[in-house]
Participant: 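Got a structure for you, questions after.
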2 protein chains.
Amino acid sequence: MATPLIALAETAEPCCALGEGPLGPEDAERLAGQLAALADPMRLRVLSHIAAQGCEAVRACELEELLGLSQPTVSHHLKKLVEAGLLSRSRAGRSVHYGVVPGAFAEIRRVLDLG
Amino acid sequence: MATPLIALAETAEPCCALGEGPLGPEDAERLAGQLAALADPMRLRVLSHIAAQGCEAVRACELEELLGLSQPTVSHHLKKLVEAGLLSRSRAGRSVHYGVVPGAFAEIRRVLDLG
DNA sequence: GGTACACATTGACGTTCGTCGATGTTCTGT
DNA sequence: ACAGAACATCGACGAACGTCAATGTGTACC
């Protein structure tokens, strides 16, 4: 991937809404990066599962059986979601907990405000 | 593409929001299809350009010079956006006009309501 | 009818993505 | 220290994607 999506979570600078102005190439690239992280069935199911349980404290192993995917593949998807700034990662003993970053989706919804 | 996205525009049946329930595989697939249509810099710029001009009556040729892409590539992106139910297509003499489908983005924003 | 314009489709190419098995890393308990 | 558990990384493979040149399909005007 050319532009690391981690930079998004750092700067936290919101992309301009689609309706306001023509949306330059660099903003379009960044927004597309966020949406690409969402544009996968398995990752959407991961987010939905975590959100349905209170947006916190989900271990990777339970996602493995939920999705029917191998452990490396689940780890791969989780990494993408963290890089996009949608999930947060925290160790808890041997396991790792993943939670939804508060406000991350509100950001995206705001950009899509042109209906 | 396995599942045609056109079916979305026909049924108009909204996916359940991410927070409500675990989000089954088929709903996840459909939502991912919509988001995949958005997850491209050029297509975002197309939508932004159309929205900035009043969501109606944009000819493909002016998008060609805006994006700096070849004519077949622009046509390809427009087709994807129409299939995803985000753009509407209508002939006007020799040229073709593309407009933003009203309510299409509100639909997606509603699904992402868990921030 | 014939020519020119605006757009769509086809076929091909390089790149990226999702997935897996194998292996590495980090922590716990004995 | 050792064995095992939980997760991350690596390398490889097939599929899908974005892009283009070449060609096809309508539509308008003379």
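Letters go in sequence order (proteins before strands), and every chain restarts at 1.
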Participant: Tell me what Ser95(B) touches on the nucleic acid: a base, only sugar-phosphate, or nothing, going by heavy atoms under 4.0 Å.
Facilitator: sugar-phosphate

Participant: dA8(D) phosphate, OP1 or OP2: any side-chain N/O from Arg89(A) under 4.0 angstrom?
Facilitator: yes

Participant: Taking the side chain as every heavy atom from C-beta outward, state whether Val58(A) and Val46(A) have any pair of such atoms under 4.5 Å apart.
Facilitator: no

Participant: Toward the 5' end of DNA chain C, which comes first, Arg94(A) or Arg94(B), by nearest nucleotide?
Facilitator: Arg94(B)

Participant: Under a 3.5 Å distance rule, please check whether Ser88(B) uses its side chain to pair with a backbone N or O of Val101(B) as donor and acceptor.
Facilitator: no

Participant: In this structure, how many angstroms lie between the C1' atom of dT19(D) and the NZ atom of Lys79(B), rounded?
Facilitator: 16 Å

Participant: Side chain of Val96(B) only, heavy atoms from C-beta on: which candidate in dT19(C), dC7(D), dC7(C) is closest?
Facilitator: dC7(C)

Participant: Rounded to whole angstroms, how far apart are CZ on Arg45(A) and C1' on dG18(C)?
Facilitator: 15 Å

Participant: Could I get the full list of side chain to side chain donor-acceptor pair (under 3.5 Å) partners for His77(A), not counting sequence neighbours?
Facilitator: Arg43(A)

Participant: Mind checking His77(B) for me? I need base, sugar-phosphate or nothing, with any heavy atom below 4.0 Å counting as a touch.
Facilitator: sugar-phosphate

Participant: Calculate the interatomic distance between Glu83(B) atom CD and dC17(D) atom C1'; express it in whole Å.
Facilitator: 14 Å

Participant: dA6(D) C1' sits how many Å from His97(A) NE2, rounded?
Facilitator: 12 Å

Participant: Does this structure show an ion pair linking Arg30(A) with Asp27(A), if we count only N-O contacts that are shorter than 4.0 Å?
Facilitator: yes

Participant: Give a yes/no answer on whether the side chain of Thr73(A) brings an N or O atom under 4.0 Å of OP1 or OP2 in dG18(C).
Facilitator: no

Participant: End-to-end bend of the helix from dG1(C)-dC30(D) to dT30(C)-dA1(D) (five-pair axes, 10° rounding)?
Facilitator: 20°

Participant: If you find the nucleotide of DNA chain C closest to Arg91(B) and the one closest to Ala36(A), which residue's nucleotide is nearer the 5' end?
Facilitator: Arg91(B)

Participant: Please give, in whole Å, the distance from dT23(C) P to His76(A) NE2?
Facilitator: 21 Å

Participant: With the side chain counted from C-beta on, respond yes when Leu67(A) and Thr73(A) share a heavy-atom pair under 4.5 Å apart, and no when they do not.
Facilitator: no

Participant: So for Gln71(B) and dA8(C), does any side-chain atom that can act as donor or acceptor lie under 3.5 Å from a complementary atom in the base?
Facilitator: yes

Participant: List in chain and number order the residues that pass side-chain contact (heavy atoms from CB on, under 4.5 Å) with Pro41(B), two or more places apart in sequence or in another chain; answer none if no residue qualifies.
Facilitator: Ala28(A), Glu29(A), Ala32(A)

Participant: Are the side chain of Arg109(A) and the backbone of Leu112(B) linked by a donor-acceptor contact shorter than 3.5 Å?
Facilitator: yes

Participant: Quick one: Leu69(B) CG to dC7(C) P, roughly how many Å, whole number?
Facilitator: 15 Å

Participant: From the options dC17(D), dG18(C), dC20(D), select the nucleotide whose nearest atom is closest to the side chain of Lys80(B).
Facilitator: dC17(D)

Participant: Under 4.0 angstrom, heavy atoms only, what part of the nucleic acid is Ser75(A) near: base, sugar-phosphate, or nothing?
Facilitator: base

Participant: OP1, OP2 of dA8(D) versus side-chain N and O of Tyr98(A): anything below 4.0 Å?
Facilitator: yes

Participant: Look at the side chain of Ser70(B) and decide which nucleotide, out of dC7(D), dC20(D), dT9(C), has an atom nearest to it.
Facilitator: dC20(D)

Participant: Could you tell me whether a side-chain N or O of Ser48(B) sits under 3.5 Å from a main-chain N or O of Pro22(A), the two making a donor and an acceptor?
Facilitator: yes

